[in-house]
Amino acid sequence: MSDASLEQSLKLLREEAGMVCHSASSHVIIVFGASGDLAKKKIYPTLWWLFRDKLLPSNTHFIGYSRSNLTVDNLRSNAMPYLNAKDSESTQLDEFFKRNSYVQGSYDKPEDFIRLNKFIVDNFSACSNRLFYLATPPSQFISVATNLKAHCTAESDGLWNRLIVEKPFGKDLDSSEVLAKHLSSLFSEDQIYRIDHYLGKEMVQNVVVLRFANRVFSPLWNRDNIANVVVTFKENFGTEGRGGYFDEFGIIRDVMQNHLLQILCLIAMERPISMEANDIRDEKVKVLRCMRPLSLDDVVVGQYVADPENGKPGYLDDPTVPAGSITPTYAVAALYVDNERWQ
Ligand SMILES: NC(=O)C1=CN([C@@H]2O[C@H](COP(=O)(O)OP(=O)(O)OC[C@H]3O[C@@H](n4cnc5c(N)ncnc54)[C@H](OP(=O)(O)O)[C@@H]3O)[C@@H](O)[C@H]2O)C=CC1
Ligand SMILES: O=C1O[C@H](COP(=O)(O)O)[C@@H](O)[C@H](O)[C@H]1O
C-alpha cells in the first residue's frame, strides 16, 4: 500500500472512530500479564501502532500489570523487537512510552487491585474509561475478573469498562462453562471481548472471500474435487519461558481447539445468511456438529527434544517447564466432516 493510500485509510478509520476519540474522558488500557509473551509480541506492538497512527483517543494511557518486578524500560526493551519502529519514529515512540506505567501486583489479592485503582485515580482521574486486557494464563481469569469488578472498575455514569480475555476459554466444557458463567455474573456481554487473533489475520479473513465471492472456487469446493484439506501450524521457536502458561494447556488447547478449528470451520462451512457475526457463528457450529467424535487412532502427539547440532534446547530444558512434563508440544489429528458437502 502506498503512503498516500495508507494515510487515506487511516483517515477513514479515524473518522469512523470519531465519536469515541472526541470523548472528554480519559482512557486507561491495563494489560495484565504485561511481563509475558503475548504482551511483548502482540499487545504492546498493537498499542504502539494504534498510538502512532492516531487511532486512539488523545487522552489514552497504558498500564502494564504483572507479578514480576519490572519497569517501563523493561517493557519497552521486551517489546522492541516486535514494534517495527522506524528510526524516523523515535520521538513518537518516546512519547508512547511516556504514556506507559507499570504496576507490580498479584492476580488474586484484593489489596493489589485496590492499589491499582488508586494508581489510576491518582494519575489519570477517577473519570477514566477502563479497558482490561487479560494476557495471563486463563487460570488467572476468574480471580482477576472478580477483583477488577470489586475494586477497579469505573463506576460513574457515562464511563465504560471493557474486559478482553484470550483463548483458551477453559480446558474442557465444564471449565469453559464455569468461566463463561463467572464472567457474565460480573460483566455484561457487551463489556466482554473474547479474542481469537487468528480471525483477525488477513489470510484467514481471505478464506471467506476466496470461497464465497469467487465463481471459480465456489462450485468446486466439495468432496468431488477436494480429497482433504491440511491446516498446518508450524513454529520455528520453542517455549522460551512460557512454560507457566503452556505446560498447563499443551498444543491442542493452545492452538488446535481454537485457532485451527476456526480455520477449519471457515473452510468447511456453508455460505452464511449474511456476513454478520452471529450468522457466521451459526454456520461454524453446524460444521462442528457434523464432525465425527475424534478417535485416538486419528491423533498423534509428541514433544520436541533438543537439537544439539544447532544448540537448540528441548521442551524439558526450559526452566519454566516442570521436570518430567508429558505435555504435548506437537499434535496432528484427522477430522471428518460428515455432511453432504464433505462426507
Ligand atoms: N504468546 C502469544 O503469542 C499468544 C498468547 N495468547 C494467549 O495469551 C495468554 C498468555 O499467554 P503468554 O503470554 O504466551 O504466556 P506467558 O507464559 O508469557 O504468561 C504471561 C504472564 O502471565 C504470568 N504467568 C505465567 N504463568 C503463570 C501462572 N502459572 N500463574 C500465574 N501467572 C502466570 C507471568 O507474569 P508474572 O509472573 O510476571 O505475573 C507471565 O509473564 C494465554 O491465554 C495464551 O493462550 C493468545 C494469542 C497469542
Ligand atoms: O495463540 C497463540 O498463538 C501464537 C502464534 O501466533 P502467530 O500470530 O504468531 O502465529 C503461539 O505462539 C502461542 O503459543 C499461542 O498461544
Side-chain angles (χ1 to χ4, degrees), residues 30-47 49 63-72 74-75 77-79 81-84 102-109 112-113 115-116 132-147 163-171 175-176 179 183 192-205 231-263 303-304 315 318-322 325 327-331:
I30 303 118
V31 181
F32 291 87
S35 55
D37 195 70
L38 173 67
K40 75 175 177 197
K41 287 186 184 158
K42 311 257 189 234
I43 301 176
Y44 280 101
T46 305
L47 294 176
W49 295 323
I63 303 175
Y65 181 104
S66 54
R67 301 172 306 180
S68 302
N69 183 10
L70 296 179
T71 61
V72 169
N74 298 136
L75 296 179
S77 52
N78 289 348
Y82 307 97
L83 299 179
N84 294 336
Y102 181 74
V103 174
Q104 182 183 10
S106 72
Y107 301 122
D108 56 356
K109 295 196 179 80
D112 290 345
F113 288 77
R115 190 164 45 82
L116 173 62
F132 304 106
Y133 201 123
L134 273 51
T136 64
S139 50
Q140 308 307 309
F141 290 173
I142 287 185
S143 68
V144 173
T146 306
N147 279 295
L163 183 78
I164 302 185
V165 289
E166 279 285 348
K167 40 57 58 173
F169 312 113
K171 277 189 176 164
S175 56
S176 172
L179 176 63
L183 294 182
I192 304 171
Y193 289 72
R194 301 170 187 83
I195 301 282
D196 183 315
H197 76 284
Y198 264 62
L199 294 174
K201 286 188 187 279
E202 222 170 304
M203 284 290 283
V204 175
Q205 296 195 343
V231 181
T232 307
F233 171 94
K234 283 187 186 170
E235 273 186 339
N236 59 0
F237 55 88
T239 336
E240 297 175 5
R242 286 187 306 139
Y245 154 66
F246 188 89
D247 197 70
E248 198 188 337
F249 289 88
I251 197 67
I252 295 175
R253 291 185 178 97
D254 187 40
V255 299
M256 289 177 86
Q257 177 276 333
N258 32 69
H259 302 328
L260 305 189
L261 264 192
Q262 288 282 359
I263 295 174
Q303 195 183 72
Y304 71 89
Y315 181 65
D318 186 322
T320 61
V321 170
S325 163
T327 298
T329 62
Y330 168 88

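Ligands are counted one by one from 1 in listed order, and the atoms in each one are counted from 1 as well.
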Legend entry - Short side-chain donor-acceptor distance under 3.5 Å, Tyr198 and Asn258: no

Legend entry - Identity and distance of the protein heavy atom lying nearest atom 7 (P) of ligand 2: Lys42 NZ, 3.3 Å

Legend entry - Whether Tyr65 and Phe113 hold their rings parallel, tilted or perpendicular, with breakpoints at 30° and 60°: tilted

Inset, instruction - Within a distance under 4.0 Å of any heavy atom of Lys201, pick out the atoms of ligand 2 and give their elements. - result: 7 (P), 8 (O), 10 (O)

Inset, instruction - Would you mind checking which non-hydrogen protein atom is closest to atom 6 (O) of ligand 2, with the distance to 0.1 Å? - result: His197 NE2, 3.2 Å

Legend entry - Exceeds 12 heavy-atom contacts within 6.0 angstrom, atom NZ of Lys41: yes

Legend entry - Straight-line distance of His259 NE2 to His197 NE2, nearest 0.5 Å: 4.5 Å

Legend entry - Partner residues of Phe141 under the ring-ring contact (aromatic ring centres under 6.0 Å, His included) criterion, sequence neighbours left out: none

Legend entry - Nearest neighbour in protein (non-hydrogen) for atom 11 (C) of ligand 2: Glu235 OE2, 3.1 Å

Please give the N or O to N or O pairs under 3.5 Å between ligand 1 and the protein, distances rounded to 0.1 Å.
{"residue": "ligand 1", "atom": "1 (N)", "partner": "Asp37", "partner atom": "OD2", "Å": "2.7"}
{"residue": "ligand 1", "atom": "13 (O)", "partner": "Asp37", "partner atom": "N", "Å": "3.3"}
{"residue": "ligand 1", "atom": "13 (O)", "partner": "Leu38", "partner atom": "N", "Å": "2.8"}
{"residue": "ligand 1", "atom": "18 (O)", "partner": "Asp37", "partner atom": "N", "Å": "2.9"}
{"residue": "ligand 1", "atom": "29 (N)", "partner": "Gly244", "partner atom": "O", "Å": "3.3"}
{"residue": "ligand 1", "atom": "30 (N)", "partner": "Gln140", "partner atom": "NE2", "Å": "3.3"}
{"residue": "ligand 1", "atom": "32 (N)", "partner": "Arg67", "partner atom": "NH2", "Å": "3.1"}
{"residue": "ligand 1", "atom": "35 (O)", "partner": "Ser35", "partner atom": "OG", "Å": "2.8"}
{"residue": "ligand 1", "atom": "37 (O)", "partner": "Arg67", "partner atom": "NE", "Å": "3.1"}
{"residue": "ligand 1", "atom": "37 (O)", "partner": "Arg67", "partner atom": "NH2", "Å": "2.9"}
{"residue": "ligand 1", "atom": "38 (O)", "partner": "Ser35", "partner atom": "OG", "Å": "2.7"}
{"residue": "ligand 1", "atom": "38 (O)", "partner": "Arg67", "partner atom": "N", "Å": "3.4"}
{"residue": "ligand 1", "atom": "38 (O)", "partner": "Ser68", "partner atom": "N", "Å": "3.0"}
{"residue": "ligand 1", "atom": "38 (O)", "partner": "Ser68", "partner atom": "OG", "Å": "2.5"}
{"residue": "ligand 1", "atom": "39 (O)", "partner": "Arg67", "partner atom": "N", "Å": "2.8"}
{"residue": "ligand 1", "atom": "39 (O)", "partner": "Arg67", "partner atom": "NE", "Å": "3.0"}
{"residue": "ligand 1", "atom": "39 (O)", "partner": "Tyr107", "partner atom": "OH", "Å": "2.6"}
{"residue": "ligand 1", "atom": "41 (O)", "partner": "Ser35", "partner atom": "OG", "Å": "2.7"}
{"residue": "ligand 1", "atom": "41 (O)", "partner": "Gly36", "partner atom": "N", "Å": "3.2"}
{"residue": "ligand 1", "atom": "43 (O)", "partner": "Lys167", "partner atom": "O", "Å": "2.9"}
{"residue": "ligand 1", "atom": "45 (O)", "partner": "Lys167", "partner atom": "O", "Å": "2.7"}
{"residue": "ligand 1", "atom": "45 (O)", "partner": "Lys167", "partner atom": "NZ", "Å": "2.9"}
{"residue": "ligand 1", "atom": "45 (O)", "partner": "Tyr245", "partner atom": "OH", "Å": "2.8"}

Inset, instruction - Check each heavy atom of Tyr198 against ligand 2 and say whether those closer than 4.0 Å belong to the side chain, the backbone, both or neither. - result: side chain

Inset, instruction - Nearest 0.5 Å please: distance from the NZ atom of Lys167 over to the CD atom of Gln257. - result: 9.0 Å

Legend entry - Test ring-ring contact (aromatic ring centres under 6.0 Å, His included) applied to Phe169 - qualifying residues, sequence neighbours left out: none

Inset, instruction - First locate atom CZ of Arg194, then atom CG of Leu134, and finally report the distance between them rounded to the nearest 0.5 Å. - result: 12.5 Å

Legend entry - Close approach of Arg242 to ligand 2, heavy atoms, under 4.0 angstrom: yes

Legend entry - Contact partition for Glu166 relative to ligand 2, non-hydrogen atoms under 4.0 Å: neither

Inset, instruction - Heavy-atom contacts with Asp254 under 4.0 Å: which atoms of ligand 2 show up? List them by number with element. - result: 13 (C), 14 (O), 15 (C), 16 (O)

Legend entry - Qualifying residue for side-chain hydrogen bond (donor to acceptor under 3.5 Å, both in side chains) with Tyr315, from Thr239, Thr327, Asp247: Asp247

Legend entry - Partner set under ring-ring contact (aromatic ring centres under 6.0 Å, His included) for Tyr102, not counting sequence neighbours: none

Inset, instruction - Can you sort out which atoms of ligand 2 are near His259, meaning under 4.0 Å from one of its heavy atoms? - result: 1 (O), 2 (C), 3 (O)

